[in-house]
Structures are given as structure tokens and as C-alpha cells.
Amino acid sequence: MKIFVGIFIIIAASIVAQAAKKDWWERGNFYQIYPRSFKDSDGDGIGDIKGIASKMPYLKEIGMDGVWLSPIFKSPMVDFGYDISNYTDIHWEYGTLADVDNLIKVCKRLGIKLILDFVPNHTSDQHPWFLLSEANDPYYKDFYVWAPAKINSETGEREPPNNWNSIFGNSIWEWNEKRQEYYLHQFLISQPDLNFRSQNVINEMKNVLLFWLDRGIGGVRIDAVPHIFETQFSDGTYPDEALSGECSDTNSTCYLFQNYTRDLPETYNLIYDWHDLLADYTKQHGGDQRIIMTEAYGPLNRILEYYGNSYGRVGSQIPFNFEIMDGVNANSTPADYKTHIDNWLNNMPKGAEFVPNWVVGNHDHHRVVNRFGLNRGDAINMLVQMLPGIAVTYYGEEIVMTDLWIPYNETVDPQAILAGPDSYWEVDRDPCRTPMQWDNSSMAGFSTSRKTWLPVNPNYQTGVNVRNERYKTGSHLNVFRKLVRMRKNRKVLQDGSTVTVADNNLLIIKRETKTSQLFVALNFGTEDQDFAVSDHFVPLKKNYYASVVSDNSNIRQGRYFRSTEKITIPKDAGVIFE
Ligand code: GLC
Ligand code: MG
């Protein structure tokens, strides 16, 4: 009898231990760097790899586990690095391969994983592969998506192979004089799509991944995933898409159903294959699991499929969760926030290997406070850090940087320039890409140059910079650091269940284990509102203290409250009770 009890205890203990043990990324805090804008080490007004390396201790200090870099590879920089002309070399303004090797060393020393941007959908039209492909080189001729012109039977004129549109507007097809065929580009004309129906392309891109894995990266963020494959009929033709009825702009993607140009099953299989490649690599070479983050916009069910499919194939560890970013804005109610949070939590696949993640900003969207409300910087950081799973922060959101308005004639983002002076603002990505604000010296400590590639937001002089916020209690940066520390240290945040409640102006999040509770009260409404822990939950304790307060909360950090006591949470403020 005694023996049996003993065995039972050992088994039970090992199950508990297993449940508690997490892989490095599963509760990770990730940080996105836009390399052009993080830190300029050589005074040319453009951020670079050496600059990034010099700031890694800062990222350690604020508790980051992984850092992902937007592309650093050789590029004509038409789309600021998302147009790559060599996947295995570094863009000259950013540095050299030796600089990246050094950066990886620095990261390893600090215990931070470096994640690089992998852009498989398209290359630059300056990539040697494209130049060889347009010249019909036998090995490279099928590297891109080529199709013959359609001849209009009435006019006799040449026309694109079908009606598909590109994401940046106008036909997805571009005529190539040299090859006398059209090529497909989901993005800019200068970003021809690679053809993943070619085994040679698959092999080459696998070699690119291995090249970087061998240099010691912790994984990849994969760009523009839904667009990797397009439907091609067995006779080699590309079918027209039906009209969606969703917008009137005949040149825009919303005009068409996009059923042949996005989310094809082949794309998912490719991501699962890359997952297996990284998993095999880890098995062979040891060390921590190399991971995949996927950038895919679209309907939730399509995005969740990147986690894996029902046949047991597994894909992206971090299929970026844009629910809040896409579904919520300054006019949304707390109920809207709740809907979008629950959407992900309730629909994501179940199983220990599937972990939620939260992304509220990136290099393609306006700054967080410009979208969610100017006084909500701390509250949004609280939201992201207190939700379960993985938190992703776009550079500068920890100090609550804001958009910088840039006039059309100084705009450099190709998407905005294409949109034209009347509507560029809607799609302009320059405002969220301005240099990181380090201190209040000239150019915010970003560069010694008097001119930077994008202007520095002058609000660095009025306090929005790392140095100022570091030494100020209750600053955005110190709130952020505290949140990150809590996320690491509190079992309730690591393992606790999550319940969301929308009550009028308040979004309330309860995190709970058997023995502890943590409550987040965020006022995303239009008026101040009272909150007591016992309003919505059964308290485990008599008293709770405000462990983190937003800058605008009027509540003293550390103050104790009875669980039944009403506390006013001002509009746009956030308070965490433990
Ligand atoms: C992704 C990137 C975006 C880029 C596009 C084309 O959507 O996030 O910045 O312009 O791909 O590469
Ligand atoms: Mg530089």
C-alpha cells in the first residue's frame, strides 16, 4: 500500500513539474526593432546593426526574451528592406555579416534570442535570381510567376493575364519587355513574387534558412505569409477573381474576392514544412527550440490554421494575433476589446504546445496611442503584459512614442507615395517609423548626424525618451518594466486562467490560480467608473493592493483596498490589483 502511494506521488509530482516547465518562448516577451530607426552607430542618420548591438543591454534591462528585426539584408530599399536582393548578405547601410555575427554573440551573452525577418513571398527586381529569370536562364526561368499576355480580341492590344490586383494597388501583373511576359507582384512592381511551385525555389529558400540557423539565430518572423501561393489551373492559366462588392475601387484588392490570391492550402503546408525544418535543426544541433512567427492578416480561422492543422501538422509558434490591432480603435467599447480577446482565446487550438500571443503595433500601423487613444499608453501595455502567453512590443511603445505627422513631399514610404497626397495619411507608415528616442541630446540620441532618414519626433525634448523615463518613478517605461517583471515572476500570470469582463466603461481581466488572483481594471470607456473586486468575482482575500497604476490613475501604487471597496478608475487609466 505504502509503495503505491509513493509511486502515485512521484507520478503526480512529475506531471505538475511538466506542466510548469515552459519552453523559452512560451511566456516570452518579444520586441520588434525597425533597424533603420533604432540606433545609428556611424553618424549617417540611418540605424544599423552595430547600433542595435550597443542597445541590447537596454533590451535585457527591460526584460525582453527575444528580439525580431525587420529585414537587414541587401536591398535597393524601395520598400525599406522588404525588397531583398540577397538573402544571405547585409545591406551596406546597416553593416556586415561580421556585425550580425557579433550581434548574435551579444544576444547569446545576454540570454536574448535574435529572430530575423524571412521574406519568402517576393524578392527585389534587382535580385540576381530575377535578372536571370527574366533572361530565361534554364535554372532560374521558373523562379518567378510568369504568364503570357492576353490579347484583347477587339483591340488586339496586350492585356494582363487576369483581373487580380496588388496590395499596393493596380494590376498584380507587370509586363516585362525583356522576357515578353507578365510577372506577378503582390506588393510593389519592384517586388516580384517568387514561385513556390518550383522545387528549386523551395530548395534555395531552405538554404537561406539553414544559412541563418547556422549563424545562430533563434528563429524567423515570416513576412506576408498569406500571399505566398496563387491559384494556377492545370493548363497553366490563372483564373479571374469574382467581384466582392466590398469597395468601388477597381484597382484595389478589396474589389475582388481574393480567393485565388490569399490563404491557399499550399501556403499552410509550406509553413508546416518550415516548422519541421526548424524542429529537425534543433534536434540535430541541440540548444533551444528555433521558432517561427508568422505575419498573416485575414479571417481568424485562417490565421489560427498557422498553429497547425487537424492532421497533426504543426506550424508557427507565434501566428501573430492582430485581433486587437485590427478589431479595436479609439471608438471601441470595452465590450469590443473583450470580444477580440476572447475570440483568440476561445478559438485557438487546445494543447500545451499552443500558446496565445498579443500584438498591438508594428511597422505597418500608426503608433498604439494614435490608434487606441492618446492617454492609453500605460493601459494598453498593461493589457498586453497581463494577458496569457506571449507579449510582442514594437520598439518605442515601452516609452509610449507617438506618430509624427510628415508632409506628403517629405514622405518616403512607397505605399503612401502611391496613395497620393489626398489619402496618403491613411496608409502612411512613416509616422510610426521615426527614430527611437533615447535621451534629450540632439536627435534624441539616435544619431550624431544633423539629418536622419526620417525626422525625429520633437517630443523627445519634452520627456518622451528612455533616459528621462528611466529616472522618473511612475513613467511609462517604469510601468512597462514593472509589468514585464511581474509577468516573469507571478505564477498567476504564467499559469493562471483568464477571464475577461466588460462592464460599461471598464474592461476587467481576472487571472487566477487556486491560490492567487490578479485583477486588471482598464477604463476604455468615455467616463470615470468605480470598481470593486467583489463586483464581479469571488475574492480569495479581504484586501488587495494596487500593484501597478497607470500615469493617469490618481491612485497611489501600493495602496491597499478592501475587496468590496469602490475605487474610481478614471477614463483611460489602468490599475492592477493583487
Ligand atoms: C509585409 C511587411 C510590410 C511590407 C510588405 C511587403 O506586410 O510587414 O512592411 O511592405 O510585407 O514586403
Ligand atoms: Mg548608420
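All ligand and atom numbering here is 1-based and tracks the order in the structure.
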Tabulation required: pairs of a nitrogen or oxygen in ligand 1 and a protein nitrogen or oxygen under 3.5 Å; columns are atom names and distance to 0.1 Å; otherwise 'none'.
| residue | atom | partner | partner atom | Å |
| --- | --- | --- | --- | --- |
| ligand 1 | 7 (O) | Glu295 | OE1 | 3.3 |
| ligand 1 | 7 (O) | Glu295 | OE2 | 3.1 |
| ligand 1 | 8 (O) | Arg221 | NH2 | 3.3 |
| ligand 1 | 8 (O) | Glu295 | OE2 | 3.0 |
| ligand 1 | 8 (O) | His363 | NE2 | 2.8 |
| ligand 1 | 8 (O) | Asp364 | OD2 | 2.5 |
| ligand 1 | 9 (O) | His363 | NE2 | 2.9 |
| ligand 1 | 9 (O) | Asp364 | OD1 | 2.8 |
| ligand 1 | 9 (O) | Asp364 | OD2 | 3.4 |
| ligand 1 | 9 (O) | Arg429 | NH1 | 3.2 |
| ligand 1 | 10 (O) | Asp79 | OD1 | 3.4 |
| ligand 1 | 10 (O) | Asp79 | OD2 | 2.6 |
| ligand 1 | 10 (O) | Arg429 | NH1 | 3.0 |
| ligand 1 | 11 (O) | Asp223 | OD1 | 2.9 |
| ligand 1 | 11 (O) | Asp223 | OD2 | 3.1 |
| ligand 1 | 12 (O) | His122 | NE2 | 2.8 |
| ligand 1 | 12 (O) | Asp223 | OD2 | 3.2 |

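Side chains of Tyr268 and Arg313: no donor on one and acceptor on the other come within 3.5 Å.
Using cut-offs of 30° and 60° for the angle between ring planes, the Trp146 and Phe130 rings count as parallel.
At a threshold of 4.5 Å between non-hydrogen side-chain atoms, the residues Pro388 and Leu345 count as touching. Residues Gln317 and Met293 fail the side-chain proximity criterion, which asks for heavy atoms closer than 4.5 Å.
Ring to ring, Phe118 and Trp68 are not that close: their centroids are 6.0 angstrom or more apart. Taking the six-membered ring for Trp and the full ring otherwise, the centers of Trp164 and Tyr255 sit at least 6.0 Å from each other.
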